[in-house]
Protein chains: 2
Amino acid sequence: MKLPRRRPASPKKTAVGGSPEATRAALLQAATAVFVASGYEQARVRDIAERAGANVAAINYHFGSKEALYLEVLRRQASERIERYPLPDPAQSATPEAALQAALTMLLSRLLADDQRGFVPKLLMRELLAPSAALPAMVQDVIAPQFRQLSAVVTALLGPRADAATIQRCTFSLVSQCMFYLFARPLVQTLAPQTYDDGAVARLSAHIAQFSLGALRAQRELLERADA
Amino acid sequence: MKLPRRRPASPKKTAVGGSPEATRAALLQAATAVFVASGYEQARVRDIAERAGANVAAINYHFGSKEALYLEVLRRQASERIERYPLPDPAQSATPEAALQAALTMLLSRLLADDQRGFVPKLLMRELLAPSAALPAMVQDVIAPQFRQLSAVVTALLGPRADAATIQRCTFSLVSQCMFYLFARPLVQTLAPQTYDDGAVARLSAHIAQFSLGALRAQRELLERADA
DNA sequence: GACGGAATCAAACAATTGTTTGAAACAGTC
DNA sequence: GACTGTTTCAAACAATTGTTTGATTCCGTC
């Protein structure tokens with residue numbers, strides 16, 4: 001009693017559709033979910049195939065290997081999130097202070113937004129914990145641009161006397177406060193359960209901006225007093 | 001040509017010693033190294049046994065299973081690190097500023113010190129990524145005390161007008177800057193390779209203290225101006 | 001409706017995993 | 001020196017892994 005498996009939207013397992021492209025897409029979607037849930041090493045190709053309603057061999061047929069599939073998932077998710085949350089143009093902000101606020105909001109949005117189930121942030125966490133061959137590309141594509149952008153804003157706020165090392169450390173201080181709410185979420189939720197309620201991004205970015213603006217102004221005064 | 005394997009410090013593979021206790025100890029030490037390097041799932045019992053100069057079966061004989069060995073390693077490492085880096089007494093510091101500096105140094109030490117190969121911090125990362133039943137105990141034993149301590153220091157620096165939420169967020173800002181250098185290490189090393197050179201803890205804690213003291217003073221002024 | 005390449009499948013494959021086994025070596029006691 | 005319980009060992013075990021295979025099904029084309 002075999003029903004036709006191709007075009008007629010086969011009601012087989014999940015939603016393979018029927019065309020080869022549909023299989024590919026289903027595998028990608030299933031792989032994303034499984035990789036996020038288990039990480040690369042713990043993810044099982046059989047889980048992915050089953051979830052996609054496809055055969056195990058389909059993975060190697062369409063992508064070559066488990067690792068190639070992983071890299072493909074990573075590449076797609078990262079670029080998608082990047083274009084969903086474009087970096088704000090610093091020239092559009094009236095003041096460096098406004099630019100900082102805008103940049104922090106976007107950074108936090110990227111890290112905390114729950115659309116797409118937070119794939120990229122979770123994968124980023126996994127990569128940082130157990131770096132794979134994918135991390136360098138991820139740093140270059142996702143992190144470095146944000147870091148450069150923030151560095152420019154910090155440079156504007158610290159004034160002309162700031163050296164490169166100071167700019168770098170201060171930028172780290174900004175990034176760290178944002179990433180903290182991603183990484184330490186289970187911890188923060190234990191200590192302050194209401195933190196991730198509605199409007200979290202706005203609330204947190206406002207605090208981080210206020211905290212950091214005070215720090216950067218003080219740092220600037222310090223630099224200029226030392227230089228004088 | 002079998003040489004006597006027991007007491008006479010057998011020069012076999014590594015340093016099993018000879019007695020059953022020595023085998024146990026060697027297994028524990030090797031297991032610690034391997035678990036830290038690879039994590040529980042990726043750690044191979046054969047690696048551990050070889051590193052300890054023991055037979056694979058010795059693990060199951062002495063500890064019952066791979067998981068039991070892991071939990072034993074965990075238990076020992078956690079308690080050891082806690083007593084190695086005791087929290088500084090805030091009453092011993094002359095000023096709140098000095099107390100902040102001392103607390104940050106100790107926090108960073110705990111997170112970055114490479115003795116024992118940073119087992120507990122790495123485990124903390126794994127727990128935050130995939131929380132298990134061990135996390136609550138870990139928060140209670142390792143994190144919460146530091147957080148309370150830092151909160152007290154922050155309260156002193158922010159002055160009497162600070163509300164609980166502000167104190168909490170500012171303390172998070174402090175903790176986040178410290179944890180960042182643990183979590184984002186692969187990232188930081190890409191962007192600023194020299195960061196973890198000798199004296200990292202002193203250098204980083206000095207920056208974080210300076211940055212944050214400026215932020216906290218500004219915050220205090222803000223609070224007092226708004227209240228006045 | 002037969003041909004042919006693309007796609008899918010169940011099954012087998014080779015490698016690796018944690019664990020168990022049964023014999024051997026050991027130390028202590030009588 | 002034989003007995004006993006403990007400890008160690010090489011080897012095998014059972015389960016799981018990613019991958020490959022060879023047959024089969026599909027679909028457009030002639």
Side-chain angles (χ1 to χ4, degrees), chain A residues 1-28 30-31 34-35 37-73 132-133, chain B residues 1-28 30-31 34-35 37-73:
Chain A
M1 220 295 279
K2 278 177 189 164
L3 32 104
R5 282 176 321 188
R6 292 293 174 153
R7 294 280 164 202
S10 82
K12 250 194 81 178
K13 288 200 162 184
T14 51
V16 187
S19 70
E21 306 83 49
T23 303
R24 244 189 89 98
L27 282 174
L28 272 172
V34 173
F35 281 137
S38 315
Y40 174 73
E41 312 281 359
Q42 287 306 297
R44 304 297 161 220
V45 289
R46 280 170 175 81
D47 289 352
I48 295 173
E50 188 182 6
R51 198 161 183 148
N55 189 277
V56 217
I59 290 175
N60 295 68
Y61 178 79
H62 283 286
F63 298 95
S65 71
K66 178 189 178 186
E67 185 177 7
L69 172 60
Y70 178 67
L71 295 178
E72 177 70 14
V73 164
S132 78
Chain B
M1 222 292 281
K2 278 177 188 162
L3 32 105
R5 283 177 324 190
R6 291 294 172 152
R7 294 281 162 202
S10 80
K12 248 195 82 179
K13 287 200 167 185
T14 51
V16 185
S19 70
E21 305 84 49
T23 302
R24 242 189 91 98
L27 282 174
L28 272 171
V34 174
F35 281 136
S38 316
Y40 174 72
E41 313 282 0
Q42 287 305 300
R44 305 295 161 223
V45 288
R46 280 170 174 82
D47 289 352
I48 295 173
E50 188 182 6
R51 199 163 183 145
N55 190 278
V56 215
I59 290 175
N60 295 71
Y61 178 79
H62 283 286
F63 297 95
S65 70
K66 178 190 179 185
E67 185 177 8
L69 172 60
Y70 179 67
L71 293 178
E72 177 69 14
V73 165

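A note on names: the letters A, B, ... follow the listed sequences, proteins ahead of strands, and every chain is numbered from 1.
Computed from coordinates, the B:Ile59 CD1 to D:dA10 P distance equals 14 Å when rounded to whole Å. Look at CD on A:Gln42: it is 11 Å from C1' on D:dT17, rounded to the nearest Å. The CZ-P distance, from A:Arg24 to C:dA7, rounds to 10 Å in whole Å. One can place CD of B:Glu21 at 9 Å from P of D:dT8, the figure rounded to the nearest angstrom. Separating the CD atom of A:Glu41 from the C1' atom of C:dT16 is a distance of 13 Å, rounded to the nearest angstrom. Straight-line distance from the CG atom of B:Leu69 to the C1' atom of C:dT17: 16 Å, rounded to whole Å. Residue A:Leu27 contributes atom CG, which lies 14 Å from atom P of D:dG18 at whole-angstrom precision. Protein atom CD of A:Glu50 is 12 Å distant from nucleotide atom P of D:dT17, rounded to whole Å.
Within the structure, a side-chain polar atom (N or O) of A:Thr23 is placed less than 4.0 Å from OP1 or OP2 of C:dT8.
Atom-to-atom distance recorded for A:Leu27:CG and A:Asn55:CG is 10.0 Å, nearest 0.5 angstrom. Taken to the nearest 0.5 Å, the OG atom of A:Ser38 stands 8.0 Å off from the CZ atom of A:Arg44. Rounded to the nearest 0.5 Å, atoms NE2 (B:His62) and CD (B:Glu21) are 8.5 Å apart. Once rounded to the nearest 0.5 Å, the distance linking CG of B:Leu28 with CD1 of B:Ile59 reads 10.0 Å.
In plain terms, the two heavy atoms of B:Val34 and B:Ala43 that are nearest each other are CG1-CB, 3.7 Å.
For A:Arg46 against D:dG18, a side-chain-to-base donor-acceptor contact under 3.5 Å is present. Residue side chain A:Asn55 does not reach the base of C:dA7 through any donor-acceptor N/O pair under 3.5 Å, judged by distance alone.
Residue A:Ala57 is in base contact, counting any heavy-atom pair closer than 4.0 Å across all strands shown. No engagement by A:Ala68 is indicated, since no non-hydrogen atom pair under 4.0 Å with the nucleic acid exists. At the heavy-atom level, A:Ala49 lies nowhere under 4.0 Å from the strands shown.
Checking D:dT20, D:dA10, C:dT17 against every side-chain atom of B:Arg44, the shortest atom distance belongs to C:dT17.
At a non-hydrogen distance threshold of 4.0 Å, B:Asn60, B:Ser65, B:Lys66 from residues 60-67 of chain B come into contact with DNA chain C.
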For this session: Go through the steps to decide whether B:Leu69 and B:Phe35 satisfy the test side chain to side chain contact (heavy atoms under 4.5 Å, CB included), and finish with yes or no.
Result: CA-CA 10 Å; B:Leu69 172 60; B:Phe35 281 136; 4.2 Å; yes
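Contacts classified as side chain to side chain donor-acceptor pair (under 3.5 Å) and involving residues 63-72 of chain B (residues at least two apart or in different chains) are given here: B:Glu72-B:Arg75, B:Glu72-B:Arg76.
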